[in-house]
Structures are given as structure tokens and as C-alpha cells.
Visitor: 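So that we are looking at the same thing, I have put the structure below in C-alpha cells.
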2 protein chains.
Amino acid sequence: MAVETILVIDDDQDLRGSIVEILSNDGFHAVGSESAEAALETIRALKPSLVIVDNMMPGMGGMALMPLLKKDFPNIRIIMITAFSTVENAVTAMKSGADDYISKPFRRDELLVAVRRNLEELKFTSQFLESGMDDILACLANQIRRQILATLACEKQMRFMNLTRHLGIADHTKVNFHLKNLKMNNLISQDREKVYRLTAEGEKMVDCLQLLSSRIPS
Amino acid sequence: MAVETILVIDDDQDLRGSIVEILSNDGFHAVGSESAEAALETIRALKPSLVIVDNMMPGMGGMALMPLLKKDFPNIRIIMITAFSTVENAVTAMKSGADDYISKPFRRDELLVAVRRNLEELKFTSQFLESGMDDILACLANQIRRQILATLACEKQMRFMNLTRHLGIADHTKVNFHLKNLKMNNLISQDREKVYRLTAEGEKMVDCLQLLSSRIPS
DNA sequence: CCACTCTGTGAACTGTGCTTCACATATCTC
DNA sequence: GAGATATGTGAAGCACAGTTCACAGAGTGG
């Protein structure tokens with residue numbers, strides 16, 4: 001999370017150099033690549049957050065590169081440089097998978113604005129991809145587990161069979177199954193005396209659930 | 001959600017009557033029942049929020065009633081009246097599934113405090129059982145669906161194939177599957193021009209997810 | 001009109017989450 | 001120490017979510 005790396009792909013060395021320079025001066029870690037083919041390796045090595053690519057290049061153009069890129073690195077943002085400011089170019093750029101585009105010729109601040117905007121959006125969307133998210137949400141998407149959390153939030157601590165009776169569930173192994181799940185997700189813990197409690201994270205989730213339930217239309 | 005209904009089960013008519021009176025005077029809708037057997041029908045009919053039951057009764061005692069009750073109506077709270085204030089009685093009461101207990105003899109305010117506390121906790125825990133909760137959370141517990149939500153939150157509106165390319169997913173039918181799911185849960189909508197957008201509820205969920213992700217430890 | 005993209009449906013397959021049952025160890029109580 | 005209760009494991013089965021594939025009507029552009 002140090003500095004954002006940006007890869008600039010353009011066969012025109014002058015343009016490429018000047019883009020890299022502009023970005024570098026603005027505090028980004030910018031790297032250039034003179035062809036799409038060469039870029040693929042660089043991307044694999046550097047894992048840039050953002051790629052700026054010219055759509056008109058000898059060999060593989062930007063249009064062809066983008067599907068490949070999106071497929072292997074879905075969370076890399078792509079800004080395409082289109083030849084001239086025509087609606088048509090813009091549309092085709094977006095259609096082939098670009099997240100944004102700028103048209104030649106562009107000013108320094110046009111470039112920087114586009115870059116910053118896309119990095120912002122990237123930060124926003126990548127929040128939703130955080131690894132733990134799936135597990136936590138799947139864990140919460142079960143009535144019994146939420147009931148357990150709610151109960152522990154009220155009673156602070158509880159033993160196994162006590163909890164089972166409290167929930168009115170006949171089969172204790174069923175409760176055990178869900179307790180294990182909650183434990184795996186670090187929402188509850190069990191001390192030496194076998195007493196179950198909410199963890200700090202568990203309490204946070206209880207808060208979140210309360211907030212969520214207040215937002216769900218009845 | 002009008003007035004909370006409370007069922008009082010006690011074979012002692014004097015005690016039962018006075019409890020019902022105390023509760024009624026405090027604004028609750030209190031009903032009496034003279035045996036556990038008779039109570040079961042009343043419960044089925046009235047769906048009370050809370051049941052107050054004496055554990056020493058001819059016929060089925062409170063102890064025997066509670067597992068039955070919890071099984072059929074897991075979200076009814078049970079307060080047990082124990083004969084005398086002994087630790088032993090309290091423990092066995094809780095062990096057999098009571099949510100709370102009061103010991104004879106008790107004062108008016110002891111009763112009311114216990115009733116209010118349990119109704120509070122009931123309100124809290126029943127939030128977590130809301131029907132829509134399972135569906136929404138299960139819907140959010142999927143990376144692709146969250147990605148779609150995030151994308152729509154950024155771009156406001158998007159067509160099908162545009163979205164598909166943006167996500168970098170090769171198989172469009174896969175995206176379609178998740179879109180359908182999101183639509184079913186009213187998080188996104190589609191107008192006549194086939195443009196997908198977040199619904200109001202979808203936007204709320206995006207907010208919730210953002211909040212959630214900030215609370216999950218990296 | 002032909003070709004191509006867009007948008008979507010339905011069926012087959014697969015993995016996994018949840019439940020249930022049978023059984024195994026502790027732990028407590030008398 | 002014997003019997004009950006508490007706590008937990010592991011395997012079998014079921015249902016369902018997610019993926020993939022084959023296909024099809026609707027639009028669109030040349």
C-alpha cells in the first residue's frame with residue numbers, strides 16, 4: 001500500500017516518456033513499456049494498480065490487450081488513450097473493456113485527473129473484494145448463527161447446552177456445527193472452562209448486523 | 001407491534017390474578033392460564049411475546065413445558081417463577097431452558113423489571129431473525145455480486161455486456177446469473193432500455209458493505 | 001438481407017453448506 | 001465408582017448455489 005504503481009504502454013517513446021514523467025512528478029511510481037507484448041510480463045512482475053495504454057500500436061493494440069488483462073488481473077484499472085477526440089473512439093474504447101479513456105492530445109491535468117479518479121474508484125471497489133469478506137458474510141447469512149451471536153451479545157457468556165436449550169434446538173450437534181463455524185471465523189471464542197463468548201470482532205459484527213437490519217425494509 | 005402480549009401460567013389463582021393485574025396496570029396485554037396444558041392452546045392462538053410460568057404445578061410443570069415451547073416457538077421468552085430463592089432452583093430453571101427467573105415471594109417492581117428486561121432482549125434478538133436478512137446476506141456473500149454492486153455504485157448505470165467486460169468475466173451467462181440474483185433481492189433494477197442500476201436499497205447495502213469492510217481486520 | 005453483438009433461458013454438472021445419526025470423551029453428581 | 005449430563009467428532013445424505021454449455025430471440029450495423 002506504499003505508492004501506487006502505474007504502467008504506461010505506448011510505442012511512441014516521446015509520449016510515453018512524458019506521461020511517465022508527469023506521473024512521477026506527481027508522486028506515483030510510473031513505469032513505461034513500449035509494446036503490449038512486453039507489458040504483459042511487466043504487469044505480472046510489478047502488479048500495477050493502473051495501466052495506461054494507447055489503442056493504436058503496432059502489434060497488439062490496446063483493444064486486444066484489455067480482455068487479456070481483465071481476465072488475469074480483474075482488479076487492475078485500464079485507461080485507454082484514443083487517437084483523437086471522437087465519440088466513436090470513446091465508445092469502442094469503453095466497449096472493449098477500458099475503465100476510462102483520454103483523447104490525444106491531452107493536457108497534463110487531464111491525465112492526472114483521470115488517473116486520480118480511477119485510483120479512487122479502484123480503492124472503493126477493491127474494498128468489496130477483501131478476502132475475509134466472503135467468509136464473514138457467508139457466516140452471517142444463517143439464522144442460527146445470527147441467533148447465537150445475538151444471544152451471546154445479550155448474555156455475554158454461555159455454556160454449550162445452555163445455549164442449545166436457549167435456542168430451542170433439539171439436536172445439539174447442529175448447534176455445535178454452527179459454533180465451530182463461528183469459531184473458525186473468529187466471531188466467538190471458547191476459554192478453558194468451555195464457556196463461549198463473543199470476540200471483539202464478533203461484537204463488531206453484532207453492531208453491523210443491527211445497523212443492517214435497521215436498513216432492510218420490513 | 002401494538003401491545004406486547006404476556007401469558008401468565010400458574011395454578012394458584014390469587015397469584016396469577018395479581019400478576020396479570022400488575023402487568024395490565026403497566027400497559028401490557030396480560031392473559032392468565034391455569035395449567036401448562038391449557039396454556040399451549042392459548043399460546044398457539046395469542047402468540048405472546050413472553051410467558052411467565054410457575055415451575056411447581058400439578059400436571060405438567062414449567063420444567064416440562066419449556067422444551068416444548070422453545071421447540072415450537074423459539075422466539076418466545078420464558079420467565080420462570082421458582083418456589084423459593086435458592087441457588088439450586090435458579091440454576092435448574094436456567095438449565096431447562098428458561099430465559100430468566102424470579103423467586104417467590106417477589107415484589108411488584110422485581111416482576112416488572114424482569115419483564116421489561118426480557119422484552120428488550122427479545123426485541124434485540126428478533127432483529128436478527130428478520131426474514132429478509134438471510135436472503136440479503138447470502139446475496140452479499142459473493143464476490144462477483146459485490147463487485148457488480150461496487151461497479152454500479154461507481155458508474156451509476158451500465159448495460160449488460162459492458163458490465164461483463166468491466167468485471168473481466170469471460171462467460172456472460174455467469175454474470176447474468178448473478179444479476180438475476182441481485183434483481184431478485186431488489187438490490188438492482190433494469191429499465192426498459194435494459195440498463196442496470198442500483199436501487200435505493202442497493203445503495204444502502206453498498207454503504208453497509210463499506211462500513212463492514214472497514215470493520216473487518218485486514 | 002446478412003452477420004454480428006447483445007441479452008437471456010434452460011439443462012446438466014459440481015461442489016459445498018446444512019442436517020442428521022451414530023458414536024466417543026470428558027465432566028459432574030450421587 | 002456408576003450413571004447421567006455435557007461436549008464433541010466423523011460419516012452419510014440432501015438440498016441448493018454456482019458454473020458451464022448449448023441454444024435462441026432481439027437489436028444493430030453494414
Side-chain angles (χ1 to χ4, degrees), chain A residues 63 66-67 71 74 87-89 91-97 134-148 157-185 187-197, chain B residues 63 66-67 71 74 87-89 91-97 134-148 157-185 187-197:
Chain A
M63 293 297 186
M66 286 191 296
K71 180 163 158 32
V87 175
E88 184 190 341
N89 275 330
V91 169
T92 42
M94 300 303 279
K95 278 203 177 181
S96 58
D134 262 22
D135 297 328
I136 292 284
L137 283 167
C139 179
L140 296 180
N142 176 289
Q143 190 156 354
I144 295 180
R145 287 196 287 266
R146 287 198 306 277
Q147 234 177 313
I148 294 175
Q157 63 169 61
M158 215 176 281
R159 308 286 300 262
F160 178 68
M161 283 312 288
N162 245 337
L163 191 52
T164 301
R165 276 186 294 261
H166 187 94
L167 301 175
I169 294 176
D171 185 358
H172 69 278
T173 66
K174 189 168 168 176
V175 178
N176 205 15
F177 170 80
H178 292 291
L179 282 172
K180 209 155 44 170
N181 189 319
L182 287 164
K183 238 190 301 183
M184 268 179 35
N185 285 286
L187 299 184
I188 64 173
S189 67
Q190 192 182 22
D191 60 19
R192 307 124 231 113
E193 276 104 16
K194 312 256 181 195
V195 175
Y196 289 99
R197 283 191 181 75
Chain B
M63 293 298 187
M66 286 190 298
K71 180 162 157 37
V87 175
E88 185 188 339
N89 274 330
V91 170
T92 41
M94 300 304 280
K95 277 201 174 180
S96 56
D134 261 23
D135 298 328
I136 291 284
L137 283 167
C139 179
L140 296 179
N142 178 291
Q143 192 157 354
I144 294 178
R145 287 195 288 266
R146 287 199 305 279
Q147 235 177 314
I148 293 176
Q157 65 169 61
M158 213 175 282
R159 309 287 298 264
F160 179 67
M161 282 312 288
N162 245 336
L163 191 51
T164 301
R165 277 185 295 258
H166 187 94
L167 300 174
I169 294 176
D171 185 359
H172 69 279
T173 66
K174 190 166 166 179
V175 178
N176 206 14
F177 169 81
H178 292 290
L179 283 172
K180 209 156 41 171
N181 188 320
L182 287 164
K183 239 190 296 183
M184 268 180 33
N185 285 285
L187 298 184
I188 65 175
S189 67
Q190 193 181 24
D191 61 19
R192 308 123 230 112
E193 276 104 17
K194 312 259 182 192
V195 176
Y196 289 98
R197 283 191 181 78

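Predicted, not measured: the structure shown is a model, and the values here were computed from it. Letters A, B, ... mirror the listed sequences (proteins, then strands); counts begin at 1.
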Visitor: What integer distance in Å separates B:F177:CZ from C:dT14:P?
Guide: 17 Å

Visitor: If I take atom CE in residue A:M184 and atom C1' in nucleotide C:dC18, what distance separates them, rounded to the nearest angstrom?
Guide: 14 Å

Visitor: Quick check against the 3.5 Å criterion: does B:D191 have a side-chain atom that pairs as donor or acceptor with the backbone of B:E193?
Guide: yes

Visitor: Grab the CG-P distance between A:L179 and C:dC18 for me, whole Å please.
Guide: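 About 13 Å, once rounded to whole Å.
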
Visitor: So if I take every side-chain heavy atom of B:R145 and compare against D:dG18, D:dC21, C:dC21, which nucleotide ends up nearest?
Guide: D:dG18

Visitor: Specify the separation, in whole Å, of atom CZ of A:R192 and atom C1' of D:dT7.
Guide: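 The distance from CZ of A:R192 to C1' of D:dT7 comes to 17 Å, rounded to the nearest Å.
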
Visitor: B:Y196 side chain N/O closer than 4.0 Å to the phosphate oxygens (OP1, OP2) of C:dG8?
Guide: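 So the side-chain polar atoms of B:Y196 do come within 4.0 Å of the phosphate oxygens OP1 or OP2 of C:dG8, strictly under.
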
Visitor: Can you tell me the distance, in whole Å, between the CD1 atom of A:I169 and the C1' atom of C:dC21?
Guide: 17 Å

Visitor: If you assign each of A:I144 and B:K194 to its closest nucleotide in DNA chain C, which residue comes earlier from the 5' end?
Guide: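 This one resolves to B:K194.
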
Visitor: Rounded to whole Å, please give me the gap between CG in B:N162 and P in C:dG8.
Guide: 13 Å

Visitor: Regarding B:Q190, tell me which of base, sugar-phosphate or nothing describes its non-hydrogen contacts under 4.0 Å with the strands shown.
Guide: sugar-phosphate

Visitor: Mind calculating the distance between CD (B:Q143) and P (D:dT19) to the nearest angstrom?
Guide: 10 Å

Visitor: Does a side-chain heavy-atom distance below 4.5 Å link B:L179 with B:L163?
Guide: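 They are in contact (side-chain heavy atoms under 4.5 Å apart), so the answer is yes.
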
Visitor: Which listed nucleotide (C:dC18, C:dT7, D:dG8) is nearest to the side chain of A:F160?
Guide: D:dG8

Visitor: Nearest to the side chain of A:D171, heavy atoms from C-beta on, is which of D:dG18, D:dT20, C:dT20?
Guide: C:dT20

Visitor: When you measure from the side-chain N and O atoms of A:K174 to the phosphate of C:dT20, is any distance below 4.0 Å, counting only OP1 and OP2?
Guide: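 For A:K174, the contact criterion (side-chain N or O under 4.0 Å from OP1 or OP2 of C:dT20) is met.
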
Visitor: Starting from P on C:dC18, measure out to CG on B:L137 and report it in whole angstrom.
Guide: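 It is 12 Å, rounded to the nearest whole Å.
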
Visitor: Is there side-chain contact between B:N181 and B:R145, with heavy atoms separated by less than 4.5 Å?
Guide: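 Yes, at least one pair of side-chain atoms sits under 4.5 Å.
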
Visitor: So do the side chains of A:Y196 and A:Q190 get within less than 4.5 Å of each other, counting heavy atoms only?
Guide: yes

Visitor: What nucleotide among D:dT19, C:dG8, D:dG18 has an atom nearest to a side-chain atom of B:N181?
Guide: D:dG18

Visitor: Compare all side-chain heavy atoms of A:R146 with those of B:L137 and state whether any distance is below 4.5 angstrom.
Guide: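 Answer yes - side chains close enough.
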
Visitor: For a quick check of understanding: with a heavy-atom distance under 4.0 Å over all strands, which category does B:E193 fall into, base, sugar-phosphate or nothing?
Guide: nothing

Visitor: Of the listed nucleotides (D:dT19, C:dC18, D:dT7), which one gets closest to any side-chain atom of A:H178?
Guide: C:dC18

Visitor: Using OP1 and OP2 only, check whether a side-chain N or O of A:K180 sits under 4.0 Å from D:dT9.
Guide: yes

Visitor: So, is A:N142 near the phosphate of C:dG17, with a side-chain N or O under 4.0 Å from OP1 or OP2?
Guide: no

Visitor: Would you indicate which nucleotide in C:dT9, D:dG8, C:dT7 comes nearest to any side-chain atom of A:H172?
Guide: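 Nearest nucleotide to the side chain: D:dG8.
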
Visitor: Compare the minimum distances between each of C:dA22, C:dC6, D:dG18 and the side chain of A:T173, then state the nucleotide with the smallest one.
Guide: C:dA22

Visitor: If you check every side-chain atom of A:R159, which of D:dG18, C:dG8, D:dT7 has the closest atom?
Guide: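 Ranking D:dG18, C:dG8, D:dT7 by closest atom to the A:R159 side chain puts D:dT7 first.
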
Visitor: Of all the nucleotides listed (C:dC6, D:dT9, D:dT7), which has the minimum atom distance to the side chain of B:R165?
Guide: C:dC6

Visitor: Show the nearest heavy-atom pair for residues B:K194 and B:R159, with the distance to one decimal.
Guide: O-NE, 4.1 Å

